[in-house]
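All values derive from a computational prediction rather than experimental measurement.
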Amino acid sequence: MNENLNDTQNITPEKTPVNFIKEIINNDLLTAKYGGRVHTRFPPEPNGYLHIGHAKSICLNYGIAKDYNGKFNLRFDDTNPSKEDQEYVDSIIEDVKWLGADFEDRLFFGSDYFDQMFNWAILLIEKGKAYVDDLSAEEIRQHRGTLTEPGKNSPYRDRPVADNLDLFHRMKNGEFKNGEKVLRAKIDMASPNINLRDPIMYRIIHDSHHRTGDNWCIYPTYDWAHGLEDSIENITHSICTLEFENHRPLYDWFLDELGIYHPQQIEFARLNLNYTIMSKRKLLQLVEEKHVSAWDDPRMPTISGLRRRGYTPSSIRNFAERIGVAKRDNVIDVALLEHSIREELNKTAKRVMAVLNPLKVIITNYPENGVEEVHAVNNPEDLSMGARPLPFSREILIEQDDFMENPPPKYFRLTPGGEVRLRYAYIIKCEEVIKDQDGNILELHCTYDPDTKSGTGTKNKKVKGTIHWVSLPYSIRAEVRLYDRLFTNEAPDSDKGKSFLDFLNPDSLRILRDCRLESSLASAQVNERYQFERLGYFCLDNKDSSPNKLVFNRTVSLKDTFKLPPK
RNA sequence: UGCCGGAUCGUCUAAUGGUAGGACAGCGGCCUUUGGAGCCGUAUGUAGAGGUUCAAAUCCUCUUCCGGCAGCCA
């Protein structure tokens, strides 16, 4: 029996896996919990640049809105002026747009709701559910108890409503210094959930806010503000990371006490990538201590870094799709990220010739000033991208790595007396190795076989290897920056005894200043990606490149299965 | 030893009582004028022990391990 019957009739449609969040939404849709609406949001605090972990959240939230024909908001959770900055607001908007998460006209700021929040706080005070506390930060900490012991009530907990109202207004009016008073929710100092032990709603911060200026000196805390923001914006599913799971009872408590519209908070596991760090604080440290050039250094896992490195929005979206969404802690192999960009660029990037570490080759039997055009395909994966002529000449440059005087077995490239094909051109044979007094190789003298021109039909001659090259007189110069992982350790920030800085890879950036490219690259554009044949994918650096000094970044190398045997 | 979560190939992630599958990584092979790409093959993976059931990754019980929480950060 043939078990591989080509039974096209019974092909079951591929079930697209539904993650647990979509299951919840599907169920809410079934029960019409939110009247069939789906409305998500991405709520960054503008205190740093977005990174690939945020991209996961953006793609999740935007993707859900899109899949369900719903809406997606970008909302800044800007409740702490001491850490926030307009620079971060600007970069975040740029990055979210670049990723393709379309928030249309729904760009919001938590700070725009400060008045409403203030009024709601008064409502809670009037209900006897909030009070002004005079305890210091230290005293509050001591009263909070521990993980295993209940806390103690503040002596100010039972202040009369009128006093609370008066004090709270005076807090707002700037009568007190930072830390002198706070507004607290009156819940339960003995709760096993520490977040419910009379959490702080407002603290006094005499700082200028990047949007509200000096209008306020009291600012809402995350726990108080977040659910209100979601409620005001009519969010249906408020998706956040796992560390807020313990805060959900508080999220619910505020909304229920206020009796206002109540979105549902759902928590998922944040993205972790091996060989990288994701903490905003530590990324900031890398920038401030100049271990990298800036937030958009191509070695950074920031969106702006990945963009500068040459990643495309779609490759990041595909990555986010592939890694899935669940509640278990996870560490994604950075190789999967690299796979996502290779996969796309293989299909879309124009192939070009570039020699990073040039070695001069003189083809001695080629005419002195002869030039001819060879025919190079722009993308063998997509012939519609056409072809281009490439000048071939007597003097060419090849990669230093593509010649070895004493080659190991299985080395398919040029060797003394050996033959190799020049991509799109001829088979050449190495006749002589020219060296200086110290034995350094200066140039190679080769001969070519005129009968082996590429595309002229098969010849008897077969060679194992094909190498890339550029014509010496017809090539242009460029700087090329090669990147490697920033850290040498899989989990740089989880070593108890060492700092993540101890694992910084000293070779994460290699700058090659005398590379030679085919001349068509003179008109390269920032948004174009190229495959330098046999080397990897490259793009123009969006900051440092200029027409008279081209700078290319290597996005990712090609997978290379050849390994030099260990010496 | 408080509370809340979690545990499926190396890494992610499916299977929602009915054949444990996919992707990435790895390994082997084919093919190749990019040692790229592509194609084919390749897994002693359900934390452990009991139980329910014709049937358990899935339901129940117990155990083990991992993560989060004691900011006037988010």
(Q) Could you measure the distance from the CG atom of A/Leu521 to the CZ atom of A/Arg516? Nearest 0.5 Å is fine. (A) 13.5 Å

Q: Using only heavy-atom distances, decide whether a donor-acceptor pair under 3.5 angstrom links the side-chain of A/Glu381 to the base of B/G36.
A: yes

Q) Taking atom types as they are modelled, is there a donor-acceptor pair under 3.5 Å from the base of B/U34 to the side chain of A/Arg534? A) no

Q: For B/C73, take OP1 and OP2 only and decide whether either is under 4.0 Å from a side-chain N or O of A/Arg203.
A: yes

Q. What are the two closest heavy atoms between A/Tyr49 and A/Ser91, and how far apart are they?
A. CE2-CB, 3.4 Å

Protein-nucleotides 39-42 of chain B N/O pairs closer than 3.5 Å?
none

Q) Which sits closer to the 5' end of RNA chain B, A/Asp333 or A/Ile200, going by the nucleotide each is nearest to? A) A/Asp333

Q: Report the distance from atom OH of A/Tyr222 to atom C1' of B/C72, rounded to the nearest whole Å.
A: 17 Å

Q: Test A/Phe244 against A/Tyr251 for ring pair (Phe, Tyr, Trp, His ring centres under 6.0 Å), laying out the working first.
A: CA-CA 10 Å; A/Phe244 295 106; A/Tyr251 181 100; 10.0 Å; no

**Q.** Syn or anti for B/G71 (syn when the glycosidic angle lies within 90° of 0)
**A.** syn

Q: Identify whether the distance between the nearest side-chain nitrogen and carboxylate oxygen of A/Arg75 and A/Asp230 falls below 4.0 Å.
A: yes

Q: Side chain of A/Arg141 only, please: which of B/C24, B/A74, B/G71 is the nearest?
A: B/G71

Q.
So which atom in A/Met278 and which in A/Leu271 form the shortest heavy-atom distance, rounded to 0.1 Å?
A. CE-O, 3.9 Å

**Q.** For atom CG of A/Asp560 and atom P of B/G36, their distance in whole Å
**A.** 7 Å

**Q.** Heavy atoms of other groups near A/Lys429 NZ, more than 12 under 6.0 Å
**A.** no

Q. Looking at B/U34, does its base get a donor-acceptor pair with the side chain of A/Arg351 below 3.5 Å?
A. yes

**Q.** Residues touching RNA chain B, which here means a heavy atom under 4.0 Å, drawn from residues 270-280 of chain A
**A.** none

Q) Of A/Arg144, A/Arg157, A/Arg184, which meets side-chain hydrogen bond (donor to acceptor under 3.5 Å, both in side chains) against A/Asp198? A) A/Arg157

(Q) Should the side chain of A/Arg328 and the base of B/U8 be counted as holding a donor-acceptor pair, with the cut-off at 3.5 Å? (A) yes

Q) Within the pair A/His339 and B/C24, is there a side-chain N or O less than 4.0 Å away from OP1 or OP2? A) yes

Q: Mind calculating the distance between CZ (A/Phe268) and P (B/G67) to the nearest angstrom?
A: 20 Å

Q: Considering non-hydrogen atoms only, spot the tightest contact between A/Thr276 and A/Pro492 and give its length.
A: O-CD, 3.9 Å

Q) Which sits closer to the 5' end of RNA chain B, A/Val325 or A/Leu535, going by the nucleotide each is nearest to? A) A/Val325

**Q.** Minimum-distance pair of heavy atoms, taken over all atoms of A/Asp77 and A/Glu45
**A.** O-CG, 3.5 Å

Q. Given A/Tyr202, which of A/Phe168, A/Tyr219, A/Phe114 fulfils the ring-ring contact (aromatic ring centres under 6.0 Å, His included) condition?
A. A/Phe168

Q. Can you check the A/Asn246 CG to B/G6 C1' distance for me, whole Å?
A. 13 Å

**Q.** Atom pair distance, as rounded to whole Å: CD in A/Glu245 and P in B/C4
**A.** 11 Å

Q) Do A/Thr466 and B/U34 share a donor-acceptor pair, side chain to base, under 3.5 Å? A) no

Q: Verify the contact: side-chain N or O of A/Lys83 to OP1 or OP2 of B/A74, cut-off strictly under 4.0 Å; return yes or no.
A: no

Q: Let me know the distance between CG of A/Leu147 and P of B/C69, rounded to the nearest Å.
A: 10 Å

Q.
Rounded to whole Å, please give me the gap between CZ in A/Phe20 and C1' in B/G5.
A. 11 Å

Q | Atom pair distance, as rounded to whole Å: NE2 in A/His247 and C1' in B/C73 | A | 10 Å

